Amino acid sequence: MSNDNNNATENENKPSNFIREIIDEDLKTNKYEGRVNTRFPPEPNGYLHIGHAKSICLNFGLARDYGGKCNLRFDDTNPTKEEQEYVDSIKADIAWLGFDWEDREYFASDYFDQLFEYALILIKKGKAYVDSSTGDEIREMRGMPTKPGIESPYRDRSIDENLELFEKMKSGDFKDGEHVLRAKIDMTSPNMNMRDPIMYRIRHASHHRTGDKWCIYPMYDWAHGQSDSVEGITHSICTLEFENHRPLYDWFIENIGIYAPQQIEFARLNLNYTIMSKRKLLKLVEEGYVDGWDDPRMPTLSGYRRRGYTPASIRNFAESVGVAKRNNVIDVSHLEFSVREDLNKSAQRIMAVLRPLKIVLTNYPDDQVEELEAVNNPEDESMGKRKVPFSKFLYIEKDDFMEDPPKKFFRLSPGKEVRLRYAYIIKCEEVLKDPETGEITELHCTYDVDTKSGGPASGRKVKATIHWVSAEHAVEADVRLYDRLFIHPDPAGDKETDFLEHLNPNSLEHLGNCKLEPFASGLQEADRVQFERLGYFCVDSINDEGKLLFNRTVTLRDSWAKISKKNN
RNA sequence: UGCCCCGUGGUGUAAUGGUAACACAGAUGACUCUGGAUCAUUCGUUGGGGGUUCGAAUCCUCCCGGGGCAGCCA
């Protein structure tokens with residue numbers, strides 16, 4: 001049932017975008033000998049989220065469509081934040097999304113030796129120097145966006161002295177922070193990134209891959225472009241905040257004198273009612289506001305996977321949001337549309353009663369059980385049919401009965417009729433209540449024998465058809481319903497308010513007494529089904545007693561919900 | 001307030017000097033043994049001023065608005 005379409009080869013709806021235009025132009029002018037080589041460069045300091053999915057689909061999609069390649073490269077230049085666990089999860093998530101980096105799995109740390117050699121070149125050219133100022137001093141001298149910086153007193157050290165000090169930095173003669181290697185560019189540049197940016201810092205920290213081999217680590221700016229260059233990347237696609245880094249990216253490559261890829265920036269994906277910052281997501285995980293990186297309420301790929309999203313639905317979503325340079329906030333309804341569209345075509349239907357209300361069919365023979373035929377998926381005839389047992393004692397959804405219904409309520413109420421899906425039309429004759437609490441405990445109904453589905457009078461129309469489960473045959477299950485994690489459309493938008501204050505206290509509801517038709521007993525972990533009239537659900541796990549636990553992926557579109565909301 | 005980027009319906013994205021389009025969302029209706037799906041209809045937009053042009057969302061210019069940059073983070 002979990003037949004994930006796990007190759008992202010389908011030619012989904014793909015409007016052009018400015019990046020494709022750049023590539024088209026480069027191909028026309030033969031700028032890179034007709035090559036297209038992109039890369040997806042995550043830092044292994046957290047789990048991938050839906051924003052990364054956009055970048056993955058973009059980079060791998062471009063490579064696929066232009067007959068090029070896309071590398072996976074871990075940008076692991078900061079040993080204090082990075083872990084193997086994240087490397088593993090990132091690879092798993094990309095593979096799940098349906099993309100294949102083949103044998104091109106690289107790490108910035110693969111290039112530490114090469115980067116060191118490049119640094120030597122710049123030092124020898126008099127274009128890099130060891131600065132022995134403190135962090136505070138460097139910050140001070142950098143100036144402000146509106147004010148030029150001033151040059152460090154160490155800026156004019158001799159090449160020999162720089163060479164010697166840099167070697168000593170590498171060999172561990174200094175403590176953290178004693179020196180840095182800086183590029184000698186222009187302390188008065190209006191672009192802060194060009195004010196003698198730091199290339200290396202001393203960090204006596206163990207790296208998840210290089211261990212204790214290094215105690216100097218390259219900064220992002222010093223590592224990224226050169227890594228691109230070494231790999232022969234043609235189009236180095238990154239997000240908008242790196243726009244001001246491009247002159248530096250180009251400067252390093254030009255001054256070392258190596259192959260020059262082209263950096264292109266696009267607007268990252270933002271979704272309302274959630275956050276995308278890895279730092280904040282980490283906080284939710286570490287402080288227990290969610291169950292982990294893969295909590296189904298998280299915007300992580302592992303969260304969506306556990307929630308029941310299909311890879312194709314996320315790919316389609318990522319394609320449909322487009323690529324541009326303007327900041328954007330996408331409404332979650334786009335994402336929800338994307339899963340529903342996919343699951344509607346593929347999901348097995350079953351009947352499930354989440355909040356059971358007992359029904360007795362007073363005129364139905366006591367011991368009779370009928371096997372009724374039900375359609376597995378009305379959108380896909382090839383999925384066939386199944387049998388559903390019907391008997392005198394049934395459960396229906398509490399929401400499907402109202403003792404005192406409003407105008408447009410079409411479902412069951414005293415004296416009214418509804419059709420039980422695939423079964424009979426029934427009529428509510430009597431409402432039984434708990435004498436203490438007044439709570440409705442049971443409904444006595446009669447059924448109309450002639451109205452059996454497919455039978456002679458089955459054409460008789462009633463306003464509504466509701467789902468049901470035979471009490472004696474019901475499979476017990478737990479179900480988790482999810483709502484948005486935050487009540488605020490932009491939880492992190494207001495710098496004054498802690499984003500945690502916008503958490504939705506009702507983002508998770510656990511239902512422990514759900515009744516499912518017998519078909520459910522054959523379900524496996526990660527299987528996705530539609531509970532008719534309710535939504536799409538995914539098997540989270542099955543406990544030792546064999547009891548199923550479901551996560552609700554997304555509700556069905558629900559026009560009644562809108563009507564009843566309007567009435568309130 | 002130095003530099004860089006960006007302003008197209010409620011949201012996102014197209015239109016690349018020639019009728020402003022597509023999707024989502026909303027509304028209405030048809031159909032329906034899922035108030036689902038499907039189908040039809042509908043709502044609504046080029047931030048503002050000036051300029052170039054037969055013709056401007058598109059080119060120029062000024063203004064306004066939004067975002068980014070002051071980590072030894074990426």
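Computed over heavy atoms, backbone and side chain alike; hydrogens, waters and symmetry mates excluded. Chain letters run A, B, ... following the sequence lines, proteins first, then strands; residues in each count from 1. Small disclaimer: the values here were computed from a predicted structure and weren't measured.
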Rounded C1' spacing from B:U13 to B:G49 in Å: 28 Å
CG-OH distance between A:Asp196 and A:Tyr129, expressed to the nearest 0.5 angstrom: 3.5 Å
B:C24 to B:U46 separation - P atoms, rounded to the nearest Å: 23 Å
B:U1 and B:C64, which share atom name P, separated by this distance in whole Å: 8 Å
Touch class at under 4.0 angstrom, heavy-atom based, for A:Val462 against every strand present: nothing
C1'-based separation of B:U34 from B:G67 [nearest Å]: 45 Å
Nearest-neighbour nucleotide for the A:Ile563 side chain, B:G35, B:U11, B:G36 considered: B:G35
Whole-Å gap separating C1' (B:U34) and CZ (A:Arg557): 13 Å
Strand partner of B:A56, provided both Watson-Crick or wobble distances fall under 3.5 Å: none
Min side-chain heavy-atom separation A:Ile426-A:Val418 under 4.5 Å: yes
Centroid separation A:Phe242 to A:Tyr249 less than 6.0 Å: no
Separation of atom CG in A:Leu58 from atom P in B:U13, rounded to whole Å: 13 Å
d(CG, A:Asn272; P, B:A25) in whole Å: 14 Å
Residue that, paired with A:His467, satisfies side chain to side chain donor-acceptor pair (under 3.5 Å) out of A:Arg349, A:Glu532, A:Arg533: A:Arg533
Touch class at under 4.0 angstrom, heavy-atom based, for A:Asn17 against every strand present: sugar-phosphate
Return the polar atom pairs (N/O with N/O) between nucleotides 56-61 of chain B and the protein under 3.5 Å, or none.
none

Main-chain N/O of A:Glu137 paired with A:Thr134 side-chain donor or acceptor, under 3.5 Å: yes
Close side-chain approach of A:Leu62 and A:Arg20, heavy atoms under 4.5 Å: yes
Proximity to the side chain of A:Glu532 - top-ranked nucleotide from B:G35, B:U34, B:G12: B:U34
Touch class at under 4.0 angstrom, heavy-atom based, for A:Lys461 against every strand present: sugar-phosphate
Counterpart base for B:C24, defined by Watson-Crick or G-U wobble contacts under 3.5 Å: B:G10
Touch class at under 4.0 angstrom, heavy-atom based, for A:Gly454 against every strand present: base
Separation between the C1' atoms of B:G26 and B:A56, rounded to whole Å: 32 Å
Pairwise 5' ranking along RNA chain B for A:Lys562 and A:Arg246, keeping only the more 5' one: A:Arg246
A:Asn45 vs A:Asn78, side-chain contact (heavy atoms from CB on, under 4.5 Å): CA-CA, chis, key distance, verdict: CA-CA 9 Å; A:Asn45 67 341; A:Asn78 184 356; over 6 Å; no
For B:C3, the Watson-Crick or wobble counterpart (both distances under 3.5 Å): B:G68
Distance-only donor-acceptor test, A:His334 side-chain atoms vs B:U11 base atoms, 3.5 Å: yes
P atoms of B:C59 and B:A25, separation to the nearest Å: 33 Å
Check: A:Phe317 ring centre within less than 6.0 Å of A:Phe337 ring centre: no
Note, A:Tyr118 side chain near A:Tyr111 side chain (heavy atom, < 4.5 Å): no
Sugar-phosphate only, base, or nothing, as touched by A:Tyr536 at under 4.0 Å among non-hydrogen atoms: nothing
d(CG, A:Asn344; C1', B:U32) in whole Å: 14 Å
Value in whole Å for how far the P atom of B:U13 lies from CZ of A:Phe266: 12 Å
Distance, C1' atom - from B:G48 to B:G12, rounded to whole angstrom: 24 Å
Check: A:Ser152/A:Arg182 side-chain N/O donor and acceptor closer than 3.5 Å: no
Side-chain heavy atoms of A:Tyr536 within contact of A:Asn344, under 4.5 Å: yes
Student check: side-chain heavy atoms of A:Leu181 and A:Ile123 closer than 4.5 Å: yes
Heavy-atom protein contacts under 4.0 Å, nucleotides 69-74 of chain B, coded B base, S sugar-phosphate only, - none: SBSBSB
A:Asp131-A:Ser133 side chain donor-acceptor pair, cut-off 3.5 Å: yes
Interatomic distance at P, B:G71 relative to B:U8, whole Å: 31 Å
Sugar-phosphate only, base, or nothing, as touched by A:Arg421 at under 4.0 Å among non-hydrogen atoms: base
Aromatic ring of A:Phe337 stacked on base six-ring of B:A23, 5.5 Å, 30°: no
hbond_proxy A:Gln530 side chain to B:U34 base (donor-acceptor, 3.5 Å cutoff): yes
Polar-atom pairs under 3.5 Å, protein N or O versus N or O of nucleotides 6-8 of chain B: list them with distances, or write none.
| from | atom 1 | to | atom 2 | distance (Å) |
| --- | --- | --- | --- | --- |
| B:U8 | O4 | A:Arg326 | NH1 | 3.4 |

Rounded interatomic separation in angstrom, taking CZ from A:Phe317 and P from B:U11: 16 Å
Separation of atom CG in A:Leu343 from atom P in B:U34, rounded to whole Å: 19 Å
Presence of salt bridge, A:Glu82 and A:Arg209, under 4.0 angstrom: no
Geometric class of the A:Tyr447/A:Tyr424 ring pair [parallel <30°, tilted 30-60°, perpendicular >60°]: perpendicular
B:G71, syn or anti by chi within 90 degrees of zero: syn
Atom-to-atom span, CG of A:Leu248 to C1' of B:C3 - whole angstrom: 15 Å
Under 4.0 angstrom between A:Ser559 side-chain N/O and B:G36 OP1 or OP2: yes
